[in-house]
Amino acid sequence: MTEKRMKKTTRREEYREKFNEQMNKFNYILQDGEKIVQCKAPYPDYWFISNKGYLFSAYSDKIRILKPNHRYTGAKNKSGIRPGQDWYYEYIVKGEKYNRHVTMYRVISDHFLKNEFDSANNEIHHIRKKTLYKPNEGNVCNRVENLQLLPREIHKELTYYANKTSVEHDRELEKKIREADCPSYQLTQEQFETLIKWNLQNCAAMGMIPVVYMTSITDDVSEIEAEAHPLKIEK
């Protein structure tokens, strides 16, 4: 009688098999474009994250969707209210006294966001501001479509643009021009396009990548949506 060798599996593989088996019974309907992947280190092997903002656990006998903790953030204003908010998870690490905390957007960023700028010093940006969401809308706020991975300096500049309306930015620019006492010129559409193309060509020649900053136009600062993208052009 020949002995059959048992295939060795890691704990991680066991959780993946368990998750796939349980999902067939869970009756979960994927959204359009939804992807679910097993979390990588340092997160638990039994965590599975969706790009739509849901975190699944295959630790128990049945799959669970983990509910994130909610907290208000930032310095208190005159009314004693913290203006910001975020959502986070906790998990146990063997040998550590306290649970580790990780923000919801960090978990999703680590598994789904693309590094468009190929930079190392990045921060996570919310295209639509976190303050616009209700405490029970963490999955909507932190879905992959609302997040960007940006270099710190670009994130800082984009945040500046997103914190003022287009009218306020125009007034500020006009004031700087007056104070600098520098000449201003009126350009035709054709001249403006030529100037833009000339600057883009110079950027390409110097090996620089131009950045496009985009913000929505509204009179309500809190409603401004903002994102930034590298504009890659041929030399």
Side-chain angles (χ1 to χ4, degrees), residues 71-87 103 105-106 109 113-134 137 140-235:
R71 63 188 170 192
Y72 291 102
T73 60
K76 291 183 179 179
N77 57 26
K78 294 180 180 180
S79 301
I81 298 173
R82 299 184 187 277
Q85 65 175 338
D86 68 17
W87 296 260
T103 55
Y105 60 79
R106 171 60 64 185
S109 168
L113 288 192
K114 293 180 180 179
N115 189 351
E116 293 183 79
F117 291 87
D118 296 324
S119 56
N121 191 18
N122 294 313
E123 295 179 345
I124 302 168
H125 168 68
H126 285 76
I127 295 172
R128 188 170 188 259
K129 297 172 183 176
K130 290 186 289 183
T131 52
L132 295 175
Y133 295 90
K134 298 176 182 177
E137 292 181 325
V140 183
C141 175
N142 295 289
R143 68 196 188 283
V144 74
E145 294 91 342
N146 195 44
L147 301 177
Q148 272 197 295
L149 203 58
L150 299 177
R152 182 173 297 171
E153 286 304 312
I154 291 177
H155 189 206
K156 181 179 179 181
E157 193 163 0
L158 181 62
T159 301
Y160 164 75
Y161 291 134
N163 283 336
K164 293 182 180 180
T165 65
S166 58
V167 173
E168 290 173 324
H169 280 299
D170 288 344
R171 287 173 182 167
E172 188 176 276
L173 180 59
E174 289 169 2
K175 182 180 178 183
K176 288 180 178 179
I177 292 173
R178 287 196 305 271
E179 291 176 349
D181 195 26
C182 61
S184 59
Y185 303 93
Q186 289 279 64
L187 300 179
T188 64
Q189 182 68 28
E190 184 178 353
Q191 289 172 326
F192 181 72
E193 290 176 1
T194 301
L195 181 62
I196 292 295
K197 289 177 182 178
W198 181 80
N199 277 287
L200 291 176
Q201 290 169 353
N202 276 349
C203 284
M206 293 186 289
M208 299 170 62
I209 298 178
V211 180
V212 178
Y213 295 91
M214 298 185 293
T215 61
S216 56
I217 298 176
T218 173
D219 294 332
D220 187 346
V221 172
S222 68
E223 292 283 350
I224 294 176
E225 297 182 14
E227 52 189 296
H229 299 278
L231 182 60
K232 297 182 180 179
I233 53 178
E234 296 181 1
K235 294 183 180 180

Sequence neighbours excluded, which residues qualify as salt bridge (Lys or Arg N to Asp or Glu O under 4.0 Å) partners of [X]?
| X | value |
| --- | --- |
| K156 | none |
| E225 | R128 |
| R152 | E123 |
| R71 | D86 |

Any non-hydrogen side-chain atom of [X] less than 4.5 Å from a side-chain atom of [Y]?
| X | Y | value |
| --- | --- | --- |
| I209 | C203 | no |
| I124 | L149 | yes |
| C182 | I177 | yes |

Quick one: do H229 and E227 satisfy side chain to side chain donor-acceptor pair (under 3.5 Å)? Show the steps, please.
CA-CA 7 Å; H229 299 278; E227 52 189 296; 2.7 Å; yes
Over all atoms of both residues, closest heavy-atom pair of [X] and [Y]:
| X | Y | result |
| --- | --- | --- |
| Y105 | K130 | CE2-NZ, 4.1 Å |
| A226 | L158 | CB-CD1, 3.7 Å |
| H155 | T159 | O-OG1, 2.8 Å |
| A228 | I154 | CB-CG2, 3.9 Å |
| Y72 | R82 | O-CD, 3.5 Å |
| L187 | L195 | CD1-CD2, 4.0 Å |

Run the numbers on H126 and N142 for side chain to side chain donor-acceptor pair (under 3.5 Å), then give the verdict.
CA-CA 8 Å; H126 285 76; N142 295 289; 2.8 Å; yes
With sequence neighbours left out, what residues match H169 under ring pair (Phe, Tyr, Trp, His ring centres under 6.0 Å)?
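Result, ring pair (Phe, Tyr, Trp, His ring centres under 6.0 Å) vs H169: Y160, Y161.
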Worked verdict on Q148 versus I127 for side chain to side chain contact (heavy atoms under 4.5 Å, CB included)
CA-CA 7 Å; Q148 272 197 295; I127 295 172; 4.2 Å; yes
Enumerate the salt bridge (charged side-chain N to carboxylate O under 4.0 Å, His left out) contacts for residues 184-208, please, sequence neighbours excluded, ordered by first and then second residue.
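Qualifying pairs, neighbours excluded: none.
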For [Y], is there any backbone N or O sitting under 3.5 Å from a side-chain donor or acceptor partner on [X]?
| X | Y | result |
| --- | --- | --- |
| T218 | I224 | no |
| R143 | V140 | yes |
| E168 | V221 | no |
| K76 | P83 | no |
| N202 | M206 | no |

Do any pairs count as a side chain to side chain donor-acceptor pair (under 3.5 Å) and have a residue in residues 204-217, sequence neighbours left out, and if so which ones?
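Every pair satisfying side chain to side chain donor-acceptor pair (under 3.5 Å) with a residue in residues 204-217: E157-Y213.
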Going by the side chain to side chain donor-acceptor pair (under 3.5 Å) test, which pairs reach into residues 177-188, not counting sequence neighbours?
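Pairs touching residues 177-188 that pass the test: T188-Q191.
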Who pairs with I217 by side-chain contact (heavy atoms from CB on, under 4.5 Å), at least two apart in sequence or on another chain?
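If we apply the side-chain contact (heavy atoms from CB on, under 4.5 Å) test to I217, skipping adjacent residues, the hits are S166.
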Results of side-chain contact (heavy atoms from CB on, under 4.5 Å) for K176 - residues two or more places apart only
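So K176 forms a side-chain contact (heavy atoms from CB on, under 4.5 Å) with E172.
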Under the criterion side chain to side chain contact (heavy atoms under 4.5 Å, CB included), I'd like the reasoning laid out for N163 against K129: C-alpha separation, chi angles, the key distance, then a yes or no.
CA-CA 10 Å; N163 283 336; K129 297 172 183 176; 3.8 Å; yes
Distance, nearest 0.5 Å, that separates CG of D170 from NZ of K164
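Going from the CG atom of D170 to the NZ atom of K164 covers 11.5 Å.
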So, taking the atom named CD in Q201 and the one named CD1 in I196, what distance separates them when rounded to the nearest 0.5 Å?
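That separation rounds to 11.5 Å.
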Surrounding CE of M208 (heavy atoms of other residues, nucleotides or ligands, distance under 6.0 Å), is the total greater than 12?
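Check fails, neighbour count at 12 or below.
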Of all residues at least two apart in sequence or in a different chain, which pass the side-chain hydrogen bond (donor to acceptor under 3.5 Å, both in side chains) check with D118?
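D118 satisfies side-chain hydrogen bond (donor to acceptor under 3.5 Å, both in side chains) with no residue once adjacent residues are dropped.
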Which residues pass the side-chain hydrogen bond (donor to acceptor under 3.5 Å, both in side chains) test with S222, sequence neighbours left out?
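With sequence neighbours excluded, S222 shows a side-chain hydrogen bond (donor to acceptor under 3.5 Å, both in side chains) to D220, given in chain and number order.
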Full working for side chain to side chain contact (heavy atoms under 4.5 Å, CB included) between L150 and H125:
CA-CA 7 Å; L150 299 177; H125 168 68; 3.7 Å; yes
